[in-house]
S.K.: 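Okay, handing you the structure first.
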Protein chains: 2
Amino acid sequence: MRIDPASAEHPYEQLARQLREQIGSGKITGKLPSITELTALTGLAVGTVRRGIDVFVQEGLVQTVPGRGTFVRR
Amino acid sequence: MRIDPASAEHPYEQLARQLREQIGSGKITGKLPSITELTALTGLAVGTVRRGIDVFVQEGLVQTVPGRGTFVRR
DNA sequence: CACCATTTGTTCGTATGTATG
DNA sequence: GCATACATACGAACAAATGGT
């Protein structure tokens with residue numbers, strides 16, 4: 001889960017793409033890493049991580065539950 | 001265009017609702033006030049105004065053009 | 001062509017609120 | 001009550017696109 005700030009691809013897009021790959025390949029099935037964990041893993045800010053995850057929420061690929069986490073829809 | 005921070009309705013939701021009313025009633029037809037103008041009009045932060053407008057972008061009600069502005073789709 | 005003002009787009013770091021367990 | 005986790009908001013900064021001078 002490495003983010004390159006200098007890339008032409010925006011950090012939130014890189015995050016979304018990398019998460020999508022891990023979801024698609026089945027590496028992530030149930031619960032996604034928490035936003036706090038993702039900020040630690042990526043070095044990104046909270047808002048940026050949210051932005052990346054929002055992509056999936058819009059698509060209906062994941063479901064977020066306050067106090068619980070973010071889950072891959074199946 | 002008044003926002004009440006103490007309301008149960010979030011500021012970005014209040015903004016979206018009020019803009020929607022003005023669009024629906026035909027008070028706003030072409031270009032929306034710029035984000036900078038909306039922050040001045042509402043006292044909200046840039047990000048919050050963006051959030052409110054994003055609602056319409058998602059819905060396809062408006063179209064944003066970098067360097068130009070935000071326009072009501074017709 | 002260069003320069004500049006305007007406008008949207010993204011990111012940061014922090015704070016507070018709300019829901020869950 | 002407390003820890004965890006998502007949700008919203010703030011203020012600031014910088015980039016990129018547009019259009020006019």
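No hydrogens, no waters, no symmetry mates; every other heavy atom, side chains included, goes into these values. Residue numbers start from 1 in every chain, and the chains themselves are labelled A, B, ... in the order their sequence lines are given, proteins ahead of strands.
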S.K.: Which pair of non-hydrogen atoms, one from B:L44 and one from B:T39, has the smallest distance, and what is that distance?
M.R.: O-CB, 3.4 Å
S.K.: OP1 or OP2 of C:dT10 sitting under 4.0 Å from any side-chain N/O of A:T48?
M.R.: no
S.K.: Can you check the A:Q14 CD to C:dT10 P distance for me, whole Å?
M.R.: 13 Å
S.K.: Hey, is the side chain of B:R51 poking within less than 4.0 Å of OP1 or OP2 on D:dT8, counting only N and O atoms?
M.R.: yes
S.K.: Indicate, with a heavy-atom threshold strictly under 4.0 Å, whether B:G47 touches base, sugar-phosphate, or nothing.
M.R.: nothing
S.K.: Does D:dA7 have OP1 or OP2 sitting under 4.0 Å from an N or O in the side chain of A:T64?
M.R.: yes
S.K.: Could you check if a side-chain atom of A:R2 sits within less than 4.5 angstrom of a side-chain atom of A:T42, using non-hydrogen atoms only?
M.R.: no
S.K.: Could you please name the option among C:dT8, C:dT20, C:dC12 that lies closest to any side-chain atom of B:P66?
M.R.: C:dT8
S.K.: Considering non-hydrogen atoms only, spot the tightest contact between B:R73 and B:G60 and give its length.
M.R.: CD-O, 3.4 Å
S.K.: Regarding B:R50, tell me which of base, sugar-phosphate or nothing describes its non-hydrogen contacts under 4.0 Å with the strands shown.
M.R.: base
S.K.: For the residue pair A:F56 and A:L19, establish whether any side-chain heavy-atom pair is separated by less than 4.5 Å.
M.R.: yes
S.K.: According to a strict under-4.0 Å criterion, is B:R68 in side-chain N/O contact with OP1 or OP2 of D:dG19?
M.R.: yes
S.K.: Quick one, A:F71 and A:V62 - any side-chain contact, counting heavy atoms below 4.5 Å?
M.R.: no
S.K.: Expressed in angstrom and rounded to an integer, what is the separation of A:H10 atom NE2 from C:dT8 atom C1'?
M.R.: 12 Å
S.K.: Indicate the atoms forming the closest heavy-atom contact of A:L15 with A:V49, along with that distance.
M.R.: CD2-CA, 3.7 Å
S.K.: According to a strict under-4.0 Å criterion, is A:T70 in side-chain N/O contact with OP1 or OP2 of D:dC6?
M.R.: yes
S.K.: Can you pull out how bent the helix from C:dA2-D:dT21 to C:dG21-D:dC2 is, comparing the axes over its first five and last five pairs, to 10°?
M.R.: 10°
S.K.: From CG of A:L44 over to P of C:dT14, roughly how many Å is that when rounded to an integer?
M.R.: 15 Å
S.K.: Taking the side chain as everything from C-beta on, heavy atoms only, tell me whether A:I3 gets closer than 4.5 Å to A:Q18.
M.R.: yes
S.K.: A:P5 near the nucleic acid: base, sugar-phosphate alone, or nothing, with a heavy-atom cut-off under 4.0 Å?
M.R.: nothing
S.K.: Rounded to the nearest Å, what distance is computed from the CD atom of residue B:E37 to the C1' atom of nucleotide C:dT6?
M.R.: 10 Å
S.K.: Run the salt-bridge test on B:R20 and B:E59 with the 4.0 Å N-O cut-off and return the result as yes or no.
M.R.: yes
S.K.: Between C:dT10 atom P and B:I53 atom CD1, what is the distance in whole Å?
M.R.: 14 Å
S.K.: Rounded to the Å, how far apart are B:Y12 OH and D:dC10 P?
M.R.: 13 Å
S.K.: Going by number, which of residues 27-35 of chain A have a non-hydrogen atom under 4.0 Å from DNA chain D?
M.R.: A:S34, A:I35
S.K.: Please state how far atom CD in B:E9 lies from atom P in C:dG17, giving the value in whole angstrom units.
M.R.: 19 Å
S.K.: Checking all strands, does A:V46 fall into the base, sugar-phosphate, or nothing category for heavy-atom contacts under 4.0 angstrom?
M.R.: base
S.K.: Do the side chains of A:E13 and A:R17 get close enough for a salt bridge, i.e. N-O under 4.0 angstrom?
M.R.: no
S.K.: Report the distance from atom CG of B:D54 to atom C1' of D:dA9, rounded to the nearest whole Å.
M.R.: 14 Å
